[in-house]
Amino acid sequence: MTERQRLAKLLRDCSKYSLLNRGLQTHVTTVKMGLGLDLIINNSLVDMYGKCNRLDMASLVFDKMPERNVISWTTLMGGYLCQGNAKATLSLFCQMGSSEVKPNDFTFSTSLKACGFIGIAENGMQIHVLCIKTGFEWNLVVANSIIDMYSKCGKIVESTRMFDIMPTRNLISWNSMIAGYTNARQSSKSLHLFKRMQEHGEIPDEFTYSSVLKSCAGLGAVQEGRQIHASLITRGFPILIQTIMASALVELYIKCRWLPEARKLFDRIEDKNVISWTAIIAGYAQEGKLQETIDLFRQFRKTGIQLDGFVLSSMMGVLADFALVEQGKQIHSYMVKVPYGLDISAANSVVDMYIKCGLTVEAEKCFNEILARNVVSWTVMISGYGKHGYGKDAIRLFEEMQLENIKPDEVSYLAVLSACSHAGLIEEGNKYFSTLCKDQSITPKVEHYACMVDLLGRAGHLKEAKDLIENMPLEPSVGIWQTLLSACRVHRDLEFGREVGEILLRLDGDNPVNYVMMSNIYAEAGEWGECQKVREAMKEKGLKKEAGCSWIDIDKEVHFFYGGDDTHPLIERIHEVLKVMERRIKEETGYAHGVKFALHDVEEESKEESLRVHSEKLAIGLALVHGGLDRGVVSVFKNLRVCGDCHEFFKGLSKVLKRVFVVRDANRFHRFEDGECSCGDYW
DNA sequence: CTAGGGTTAG
C-alpha cells in the first residue's frame with residue numbers, strides 16, 4: 001500500500017467516526033507529503049470535514065482545489081446536507097450545473113434528498129426531469145430517492161406512480177413507499193403494502209417495522225402492534241441493540257399513551273442517537289409533561305450529540321404550550337445561528353410559540369421571514385389570529401394562502417372556522433363551512449361541526465345548533481355537546497341547558513367538567529336545589545374537578561399559582577393589592593365582586609371566603625405587587641378557562657389602571673383594554 | 001474519494 005493510499009484510508013475512517021482531531025493531523029501530514037494538490041486526497045478531506053461538521057474547512061479545501069471532479073462536488077453537497085443545510089446543497093447543485101462537470105447518480109440522490117428536506121415539490125420535480133433527461137431515472141438508488149422526495153413533499157400520488165412503474169425494486173424501495181403511506185397517515189395502505197412486500201418474498205427489516213408499527217399506532221391497532229412486537233422477540237430480532245427498532249417501539253408506546261413503557265424501553269437502548277432522543281422528548285412534550293421534557297432535553301445536551309431541527313421543534317412545542325416565552329426566545333436565538341435551525345418545521349414552531357405567548361407582532365415578523373411557507377405555516381398564523389380575536393386578519397390570510405396556491409387542509413379549515421366563531425363572524429363562518437363541505441378531498445370532522453355549533457350558539461340559535469349535531473353524519477363527541485352547553489349558559493337558557501346537560505351526563509358521566517358546567521348553570525339561574533343535586537351526584541361518584549392553575553413569568557422566573565394558593569412568599573401583599581383594586585374598581589366602575597357571576601366552584605365551596613381567590617387573579621396580583629405594569633402588557637396563563645368573575649375583574653382593572661392585560665386560557669386569548677375584552681364577553 | 005429508507009411543527 002502506498003503512503004497516499006494509507007492516508008486516504010485514514011481520512012475515510014476519520015469521516016466514518018467523526019474524528020476531527022485525527023483528521024486535522026492527517027490533513028497536515030498530507031500537505032507535508034506534497035499531496036496538497038492531489039484530487040482524491042482533497043476529496044477525502046472535504047468529506048472528512050463535512051462529516052465532522054466543519055463546513056468552513058470543507059469549503060476552504062474545496063475552493064483551493066486546482067481541479068474538481070463530480071465526486072468533489074457531490075461530497076461537499078453531502079456535507080452541507082448532513083448538517084441540515086439543504087439550501088446550500090441545492091445551490092451547489094446549481095453552481096455545478098454551470099461548470100464543466102456533469103452530475104452522476106450520487107449527485108442526483110443527494111440533491112433529491114435535499115429537496116425532500118426542504119419539502120418543496122417544484123424543486124424536486126425539476127431534478128426528477130433532469131434525471132429522466134440524463135438517463136438516471138431508473139438507477140435504483142435514484143429511483144428510491146425520487147419516491148422518498150415526493151413523499152416528503154406531500155405528493156404521495158407521485159411516489160406511488162414512481163413505485164408502480166419502476167422496473168426493479170429492492171428493500172429500500174418498499175420501505176420508502178411504506179414510510180410514505182405512514183407519514184401521509186394512510187395507515188391501511190401502509191399495512192397493505194407491508195403484506196404485499198412479504199408476498200413478493202421481501203424480508204422486512206427494522207426500517208419496515210418502524211413504519212408499520214407507527215401505522216398500527218395511527219390506526220389505534222394496539223393489539224396488532226403488540227403482536228408484531230411479540231413476533232419480533234420470538235424471531236430473535238435483536239431489538240434492544242437496534243436503535244431504530246427500539247425507537248419505533250418507543251414511538252408506538254407513546255402513541256398508545258404508554259409513556260412509562262416507552263421510558264423503560266428508551267432507558268434500555270444502548271446506542272441512543274438523535275432520533276431516539278427526539279422520539280422520547282417529543283413523547284413527553286406531546287403529553288404536556290413540562291418538567292420531564294426539560295430534564296430529558298438537558299440530559300440529551302450533556303451527551304454532546306448534535307442538535308437538529310426535529311428535536312428543536314419538539315422542544316419549542318412544549319415551551320409554546322406552557323407559554324414560556326423567555327426560554328422559547330432562547331431557543332429561537334439559537335436556531336437563527338445554526339444553518340439547520342430554521343427549517344420549515346422549526347420555523348413554524350417559532351411562530352406558534354410567539355402566538356401562544358401572546359406576542360402577535362413577533363409571530364407576524366417570523367412568519368413573514370419564512371421564504372417557503374407551507375400549509376402548516378399559514379395555519380399556525382390563521383389560528384393565531386383567531387385565538388387573539390382578529391377574525392378579519394385570519395380570513396385575509398386564509399384567502400392569501402390560496403392565492404399563493406397552497407390548498408387549505410382540514411386543520412386550516414378548523415383554524416379559519418374557529419377564528420370566525422371567536423370573532424362572531426357568523427356569515428363568513430357559514431360560507432367557509434359550506435366550501436369545506438363541497439371540497440371532495442376533505443371530510444369534515446366533528447371538530448369542524450363543533451366550530452359551527454359554537455358559531456350558531458353565539459348567535460343564540462341554540463335549536464339550530466342542536467339540529468346540526470343530531471343530523472351530522474358523524475357520531476357526536478362529548479366536546480361538541482359541551483360547546484352547546486356553554487352556549488346555553490351564556491344565553492341563560494335553563495331549559496335547553498337542562499336537556500343538553502342530561503344528554504351529556506348520560507354520554508360522559510364520569511367527567512367532572514360536565515357536572516361543574518351544569519352546577520354553574522343552575523347556580524346562575526338561582527336553582528340552588530338542582531345545583532346541590534348535581535354536586536352531590538358528582539361527589540358520590542368520587543369525581544374531582546381538575547385544579548385550576550395559572551402562571552406568570554416575571555423577570556425570567558415562572559410563578560405558579562393554584563386556586564386559593566397561599567404558598568407564595570408574597571401572598572399577603574398579593575391579597576392586599578387585590579383588595580385595594582377591588583375597592584377601586586367598585587368605586588370607579590360600579591362592578592362588585594361576585595354579583596354578576598354567583599358561581600360556586602365545587603372544589604372551593606368549603607374553603608374560607610378569603611381564600612376563594614382564583615389562580616389567575618393571584619397571578620395578576622403578583623404582577624401588580626412586582627410593579628410589572630412598568631413593562632407594558634401583563635400576560636397571565638391559565639390551564640382551564642378563565643372564570644366569569646375574574647373576567648369582569650380584569651375588565652375593571654384595565655379601565656382603572658389604564659393598562660392592557662392579556663390572559664391566555666385553555667381556549668383562547670383575552671385581551672383586556674379600557675374596560676373591554678377582545679372576546680366580547682363570549683367564550 | 002461521493003449517494004437512497006426510521007425522528008419534528010399546526
Side-chain angles (χ1 to χ4, degrees), chain A residues 5 8-9 11-12 15 38-48 50 69-79 81 104-113 116 139-149 151-152 170-180 182-183 205-214 242-248 250-251 273-283 285-286 308-317 320 343-353 355-356 374-384 409-412 414-415:
Chain A
Q5 283 171 328
K9 185 180 180 309
L11 285 172
R12 220 171 29 243
S15 290
D38 186 276
L39 179 63
I40 293 182
I41 290 289
N42 276 321
N43 283 347
S44 305
L45 281 168
V46 172
D47 188 45
M48 181 275 295
N69 63 5
V70 60
I71 299 179
S72 327
W73 285 93
T74 309
T75 306
L76 190 60
M77 284 168 61
L81 188 57
N104 67 7
D105 43 351
F106 286 67
T107 322
F108 281 121
S109 64
T110 305
S111 48
L112 285 162
K113 190 178 178 185
N139 173 291
L140 191 51
V141 176
V142 172
N144 288 343
S145 304
I146 292 171
I147 293 177
D148 187 55
M149 178 275 294
S151 95
K152 294 248 162 57
N170 65 1
L171 180 58
I172 296 180
S173 326
W174 289 95
N175 283 350
S176 302
M177 202 56 235
I178 290 174
T182 301
N183 294 329
D205 69 355
E206 57 268 37
F207 283 89
T208 326
Y209 284 115
S210 169
S211 296
V212 170
L213 286 172
K214 198 173 165 189
Q242 306 249 15
T243 309
I244 295 170
M245 220 28 245
S247 296
V250 165
E251 234 194 299
N273 64 7
V274 66
I275 294 177
S276 27
W277 278 102
T278 305
I280 194 81
I281 288 174
Q286 282 155 15
D308 66 10
F310 290 87
V311 71
L312 286 176
S313 30
S314 292
M315 259 331 275
M316 199 58 110
D343 63 48
I344 191 66
S345 302
N348 292 342
S349 76
V350 172
V351 177
D352 190 49
M353 183 274 294
I355 288 288
K356 287 185 176 150
N374 63 10
V375 65
V376 178
S377 327
W378 289 92
T379 307
V380 168
M381 206 56 218
I382 292 167
S383 87
D409 66 8
E410 50 182 54
V411 191
S412 324
L414 207 53

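Since this is a predicted model, take the numbers as computed values, not measurements. In what follows, every chain begins at residue 1, and chains take the letters A, B, ... in the order their sequences are listed. Any value given below was found using the heavy atoms of this structure, including those in side chains, with hydrogens, waters and symmetry copies removed.
In this structure, A/Gly317 reaches neither bases nor backbone, as no heavy-atom distance under 4.0 Å exists between it and the strands shown. Residue contacts shown for A/Thr110 are limited to sugar-phosphate atoms, with no base heavy atom under 4.0 Å away. Residue A/Val380 is in sugar-phosphate contact alone, with no base atom involved, counting any heavy-atom pair closer than 4.0 Å across all strands shown. Residue contacts for A/Ser383: at a heavy-atom cut-off of 4.0 Å it reaches no nucleic acid atom on any strand shown. A/Leu171 comes within contact range of at least one nucleobase, with a heavy-atom separation under 4.0 Å. Within the nucleic acid shown, A/Lys9 has no heavy atom closer than 4.0 Å to any nucleic acid atom. No engagement by A/Ser72 is indicated, since no non-hydrogen atom pair under 4.0 Å with the nucleic acid exists.
Between A/Lys214 atom NZ and B/dT7 atom P the separation is 4 Å, expressed in whole Å. For A/Asp343 and B/dT7, the CG to P distance is 14 Å, given to the nearest whole Å. Rounded to whole Å, the distance from CE on A/Met48 to P on B/dT2 is 13 Å. Atom-to-atom, CE of A/Met77 to C1' of B/dA3 comes out at 10 Å; the value is rounded to the nearest Å.
Side-chain to base pairing of A/Thr278 with B/dT7: one donor and one acceptor N or O lie within less than 3.5 Å of each other. Looking at A/Asn374, its side chain comes within 3.5 Å of the base of B/dA9 through a donor and an acceptor atom. Residue-to-nucleotide contacts include no donor-acceptor pair under 3.5 Å from the side chain of A/Ser210 to the base of B/dG6. On a pure distance criterion of 3.5 Å, a polar donor-acceptor pair joins the side chain of A/Ser345 and the base of B/dT8. A/Ser109 contributes a side-chain N or O that forms a donor-acceptor pair with the base of B/dA3 under 3.5 Å.
Applying the side chain to side chain contact (heavy atoms under 4.5 Å, CB included) rule to A/Leu140 yields the partners A/Asn144, A/Met166, A/Thr168, A/Asn170, A/Ser173; only residues at least two apart in sequence or on another chain are considered. Legend: residues meeting side chain to side chain contact (heavy atoms under 4.5 Å, CB included) with A/Ser145, ordered by chain and number and at least two apart, are A/Ser109, A/Leu112, A/Val141.
Checked against B/dA3, B/dT7, B/dG10, the side chain of A/Asp308 finds its nearest nucleotide in B/dT7.
Evaluated for a side-chain hydrogen bond (donor to acceptor under 3.5 Å, both in side chains) with A/Asn43, the options A/Thr75, A/Asn69, A/Thr74 yield exactly one hit, A/Asn69. Checked against A/Thr107 for a side-chain hydrogen bond (donor to acceptor under 3.5 Å, both in side chains), the options A/Thr110, A/Asn104, A/Asp105 give a single hit: A/Asn104.
A close approach under 4.0 Å does not occur between any side-chain nitrogen or oxygen of A/Lys113 and OP1 or OP2 of B/dT2. OP1 or OP2 of B/dT7 sits under 4.0 Å from a side-chain N or O of A/Asn183.
For A/Ser15 (side chain) and A/Met48 (main-chain N/O), a donor-acceptor pair under 3.5 Å exists by modelled atom type.
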